Amino acid sequence: MDLKEKIRLFNGVGSWKTYTANGKIPEIVMSDGPHGLRKQESESYADLNKSNIATCFPTASCIASSWNKKSLTKLGQAIAAEALAENIHIMLGCGLNIKRSPLCGRNFEYFSEDPYLSGELAANYVKGMQEKGVASCIKHFACNNQEKRRQTSSSNVDLKTLHEIYLRGFEIAVKKSQPLAIMSSYNKINGLYASHNPYLLNKVLREKWGFNGIVISDWGACINAPECIKAGLDLAMPDSYGYFDMQIEKALKDKSLDEADLDTVNKRLISTAEKLHKMRETAEIKPVDYKAQHQLALELAEDSAVLLKNDGLLPLSLSENKEIVVIGELAEYMKFQAGGSSHITTKEYPNALSALQNQGFSVDYSKGYFSGFCKRSKAKKINAPLIEKAIETIKKPENKNKPVLFFCGLTEAFEGEGFDRDNLELPPEQIELLEKILEITQKVIVISFSGAPVNLLPAQKAAAILQMYLCGEACGQAIADLISGKVTPSGKLAESWPVKIEDTPSYNNFAQDHDNVQYEEGPLVGYRWYQAKNIPVQYPFGYGLSYTSFEYSDFSLPDNIAEELKAFVTVKNTGKYDGSEIVQLYVQKQNNENLNDNNQNQTYRELRGFEKVFLKAGEEKQIEIPLDDNAFKSYSLEKEDFVQIKGDYLIEIGASVEDIKLTTSVTVDGEEANNTMCSFANATSTNAKMCSFANAKLQAKAENANGTKSAETFATFSIADSLGDMAKSSWRIRLVVKILTGGLVLMNKGKSREDPAVKIAISAILENPLESLISTSGGLITYKLANKFLKWANADKK
Ligand code: BGC
């Protein structure tokens, strides 16, 4: 390749492909992920809802509730089968960002608040996909834990927390399954863009973890191509229409970029492309058997649903409860996935209403509320008559003793990529209706759809609650099978469900209108926080009921547990139904050095092992639970690695983090715990240095960048600032924003502004760095035009 071609190779061609240098290099074709194939024929990246038909499997937050490593392998394999048939080499998934707040709009695409669970599930997904011949690109590396200002905000996190919580899942997936690609995230970490971050990409990912695939930028996450190359980013996506070439040429000329660095990233891209083509040559490529794929989608959805409450009404046997009342439009238009880059176009499958009827139930149905897009101001008027009609249906004399299935959940407008939720509440019309129904009858089964926790306290008087999450295209059938007892629910929550948003660890520093996101809660994320602070939750991590019951006994450990890292326990199905149990192993470190605020904190359990086991009614099995390699380790700032910490540990077997069945204790040898917590609030000057990223020079550079500014304090704007921020002080940029968003709405004619596909595009216009719009606007905003906007913004500011 000549120099021009070498430069060009760093940037993708169009939205999904790599450059081939006139056929000299095999082309890589990519597609979203993560819970199905979103193959877009159109080159316009904005066409989120236009993709080829594919199977929509349960989304990550749903399948995580299966805690079933084998299910994740099957999922990876099944998506690979569709990818192979569509000539895709790299699937953009899975997503394994930590759920720092239940409000993150994209939580439905992520597994858990726990890094070990996330990492294990991801490792199995990657394994399944890659053994079938398709590369998995795990994402978004790292600390992309909110959607608000996702392209300009800085996740400010201490190094210990970074490694123990936010990087750990990625580390497990990389070390166990060697994904061939990883996607660097949009956000900054401690002031420096993840995609420009040599500590993250070169030092941690490659040197420490031994990653030997390629790093791909999230779409529009590379801002300064030469800096990305130096940091270890191999491929910037999507096409910048010459902008990155110009940057790189200039940097090579003025020697701020070494050609050897460009060669390094080029080499990695070429060798991965060759590997991918070899994989494809030996892969079994056949036409997709959509029937079999759908069957798997059903199996996975059934394996993942979480029974939150049951006073004995479920399962509904056809002999006793053939006649049922169904309320809620979500029974008809089910919410089984959410909006954004993961949105799948599926075939039509029976909704819950018809699946229940096909099962033999006779159904009296009333919509109860409108589940489509409508302005909140109009919602009351639309919903009032529907609520009234539903109540009339319940009150019909012939319906008096029938069980009522109430379908509720977050409708399309509430969660998706590009925006976060404001609160934990269900849509108000659903709560109003539910409360009215519960005044009349409590023989109610609440079936709830959401990608993340919601406030289900208004449903507590109901006889049963079944949380389906966003469970994919086989949702309707899965509900019918679970309700009728054909299948016993066996999912458990992979995240805590808080009582109120004020209780959550990141409450004071999440998704605000500035770019500094302080991870002040340190490693106390999710259930670690609720235990350490003794805060009650709606439902704890690891919680989920079954139609059957289980008994635990004979818990034993090898003598040298810290080396053998496994445990044994016997589980017996003591109930009437066949079913699966998820056995959890927690380790509770006594004198935990992560607790530094003496008066309030208590020691807390951490998940260090789990296993799902299927048992027929009456059956008993001894199961082996492998333990996390880090079961007795924590991150040492001095050693820049995880080290074993000596001390006493409780080892507990639980059915959830709050339901401990068996306990034992061990003393482990190792190093003295280091009490330097590195919290942001009380970092001393020495540990502040330890906490910051290793490379001080880069840190200084980062502080000069805008990552640490609040939206209101821009002196002059740079091309890395967003149009939304510029619009606050510039009338001309306000006009530009109006024209761009107006054009967008026109392009999406017929779609509501509340539609996630429209919302995500509007938030990109408002929140992305102006510079990143050069690549993500598909050539519409050129470098020249961007500079004109910048000039106007700064002139109007004066
Ligand atoms: C998302 C990624 C996705 C990419 C390509 C980005 O906006 O953050 O998850 O893979 O677009 O569609």
Side-chain angles (χ1 to χ4, degrees), residues 12-18 28-52 54 59-60 79 83 88-97 104-111 122 125 129 135-153 170 179 181-187 193-195 214-223 235-239 337-345 415-420 451 756-769 772-773 775-778:
V13 175
S15 294
W16 309 109
K17 294 177 182 162
T18 55
I28 303 178
V29 187
M30 294 160 270
S31 190
D32 280 307
H35 45 264
L37 181 71
R38 187 177 70 87
K39 168 93 186 292
Q40 243 184 246
E41 295 300 346
S42 130
E43 265 306 318
S44 163
Y45 174 58
D47 277 348
L48 286 180
N49 282 351
K50 289 186 197 142
S51 55
N52 298 351
T59 72
I79 297 175
I88 302 296
H89 303 101
I90 300 183
M91 282 296 304
L92 305 175
C94 53
L96 63 154
N97 294 88
C104 170
R106 241 182 143 173
N107 276 356
F108 73 95
E109 282 189 70
Y110 302 142
F111 293 124
Y125 175 101
M129 186 167 281
S136 160
C137 177
I138 57 174
K139 64 191 189 183
H140 310 87
F141 191 57
C143 297
N144 181 182
N145 307 107
Q146 65 182 50
E147 290 300 282
K148 176 97 180 162
R149 299 177 77 90
R150 63 176 168 161
Q151 293 216 25
T152 52
S153 66
F170 288 100
I182 190 165
M183 185 188 288
S184 58
S185 59
Y186 285 128
N187 54 288
Y193 283 114
S195 307
I214 49 169
V215 183
I216 307 172
S217 75
D218 199 344
W219 269 228
C222 173
I223 304 292
L235 174 65
M237 289 303 295
D239 209 329
Q337 62 172 328
S341 60
S342 69
H343 192 273
I344 309 288
T345 309
E415 57 186 344
E417 182 177 339
F419 57 97
D420 300 307
V758 180
K759 258 173 134 171
I760 185 180
I762 291 181
S763 86
I765 292 171
L766 289 171
E767 294 188 355
N768 289 11
S772 105
L773 292 180
S775 55
T776 51
S777 66

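Start at 1 and go down the list; that is how both ligands and their atoms are numbered. What's counted below: heavy atoms across the whole structure, side chains too, no hydrogens, waters or symmetry copies. The residues of the chain are indexed from 1 along the displayed sequence. Just so it is clear, the model here is predicted, and its values are computed rather than measured.
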Does ligand 1 have a heavy atom under 4.0 Å from the side chain of R150, from its backbone, from both, or from neither? side chain

Tell me which part of E109 gets within contact of ligand 1: side chain, backbone, both or neither, using heavy atoms under 4.0 Å. neither

Below the 3.5 angstrom mark, is there an N/O of W219, backbone or side chain, next to an N/O of ligand 1? no

Would you check if S342 and I344 make a side-chain contact, meaning some heavy-atom pair closer than 4.5 Å? no

Which atoms from ligand 1 have a heavy atom of K139 less than 4.0 Å away? 2 (C), 3 (C), 9 (O), 10 (O)

Taking only heavy atoms of L92 into account, list the atoms of ligand 1 that are under 4.0 Å away from them. 10 (O)

Ligand 1 atoms nearer than 4.0 angstrom to some heavy atom of R38 are 12 (O)

Excluding sequence neighbours, so at least two apart, what forms salt bridge (charged side-chain N to carboxylate O under 4.0 Å, His left out) with K39? E41, E86

How about S772 and Q151: do any of their side-chain heavy atoms sit closer than 4.5 Å? yes

With a 4.5 Å cut-off on side-chain heavy atoms, are C104 and N145 touching? no

Ion pair present between K139 and D32, side-chain N to carboxylate O less than 4.0 angstrom? yes

Between R106 and E417, is there a salt bridge with N-O shorter than 4.0 Å? yes

Can you name the atoms of ligand 1, numbered from 1 with element, that are less than 4.0 Å from a heavy atom of W16? 5 (C), 12 (O)

Interfacing atoms of ligand 1 (cut-off 4.0 Å, heavy-atom, S341): 1 (C), 2 (C), 3 (C), 9 (O), 12 (O)

Nearest-0.5 Å distance that lies between atom OG in S153 and atom CG in N144: 8.0 Å

Quick one: look at M183 and ligand 1, take heavy-atom pairs under 4.0 Å, and tell me if it's side chain, backbone, both or neither. side chain

Under a 4.0 angstrom heavy-atom cut-off, which atoms of ligand 1 come close to E417? 1 (C), 6 (C), 7 (O), 8 (O)

Compute the minimum heavy-atom distance from R106 to ligand 1 and say whether it is under 4.0 Å. yes

Sequence neighbours excluded, which residues qualify as side chain to side chain donor-acceptor pair (under 3.5 Å) partners of S217? none

